[in-house]
Structures are given as structure tokens and as C-alpha cells.
Amino acid sequence: MPSSDHRDRPARPLVGFGPIDLFCLFAVVPLLIAAGILIIEGVASIGIVFLVLALLVLAFDSWVHRPDPR
């Protein structure tokens, strides 16, 4: 009879990131386009903010879809 105790299983480290959901690109692509336009137009500081926001959305989406260690 299998027990519900998990002490006999080896501990697996928590994986930090997983695959990126393709629907995430609906938020990321416009941010990247806006960042590129702003950087080209000479408003680089705001363009860099948009670029960082796009990267944060990707990182958060990948973190949410990380594999379950159980």
C-alpha cells in the first residue's frame, strides 16, 4: 500500500523558469515595437522602460509556467 509520506523520494530542486506561453507575445510584441519606435525617435529613456517591461512580462510568464517539483 503506497503511503502518502514523501520522505522516500529524493528532493528535486525547484526549477526557476519554464516554457513561455505564446499568448504572452500579445503583450510583449507591442511593448517591443513601442520601445523600438521610442528609441529611434530619441526618447530612449522611455523606450528602455518599455523594453524592461517586456522582459519582465516574459520572465513572469516563464516563472508562472515552471515545472512542479512534485
Side-chain angles (χ1 to χ4, degrees):
M1 180 173 161
S3 67
S4 62
D5 191 10
H6 299 291
R7 284 182 279 173
D8 56 341
R9 293 184 185 174
R12 290 181 9 192
L14 181 63
V15 177
F17 295 99
I20 296 173
D21 187 11
L22 291 179
F23 289 108
C24 177
L25 297 179
F26 286 121
V28 172
V29 170
L31 284 170
L32 291 176
I33 291 171
I37 290 171
L38 287 169
I39 290 172
I40 289 172
E41 291 296 321
V43 192
S45 59
I46 298 175
I48 291 172
V49 169
F50 277 49
L51 183 65
V52 169
L53 283 174
L55 293 175
L56 285 174
V57 168
L58 282 175
F60 179 73
D61 185 68
S62 179
W63 178 76
V64 167
H65 292 104
R66 69 188 183 274
D68 189 15
R70 288 181 270 160

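We're numbering straight along the sequence, starting at 1.
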Query raised in the report: Linking I/L/V/M/F/W/Y whenever any side-chain heavy atoms sit under 4.5 Å apart, do I39 and F50 land together?
Result: no
Requested in this report: Identify whether V29 and I37 are in the same connected component of the hydrophobic contact network (ILVMFWY, side-chain heavy atoms under 4.5 Å).
Outcome: yes
Report task. Identify, with sequence neighbours excluded, every residue that meets side-chain contact (heavy atoms from CB on, under 4.5 Å) alongside I20. Result -> C24, L58, D61, S62
Requested in this report: Could you check if a side-chain atom of L32 sits within less than 4.5 angstrom of a side-chain atom of L51, using non-hydrogen atoms only?
Outcome: yes
Requested in this report: Output all residues satisfying side-chain contact (heavy atoms from CB on, under 4.5 Å) with L56, sequence neighbours left out; order by chain, then residue number.
Outcome: V52
Query raised in the report: Does one hydrophobic cluster hold both F60 and L31, with members joined at side-chain heavy-atom distances below 4.5 Å?
Result: no
Report task. Give me the other members of the hydrophobic cluster that F23 sits in, counting Ile, Leu, Val, Met, Phe, Trp and Tyr linked by side-chain heavy atoms under 4.5 Å, directly or via other members. Result -> F26
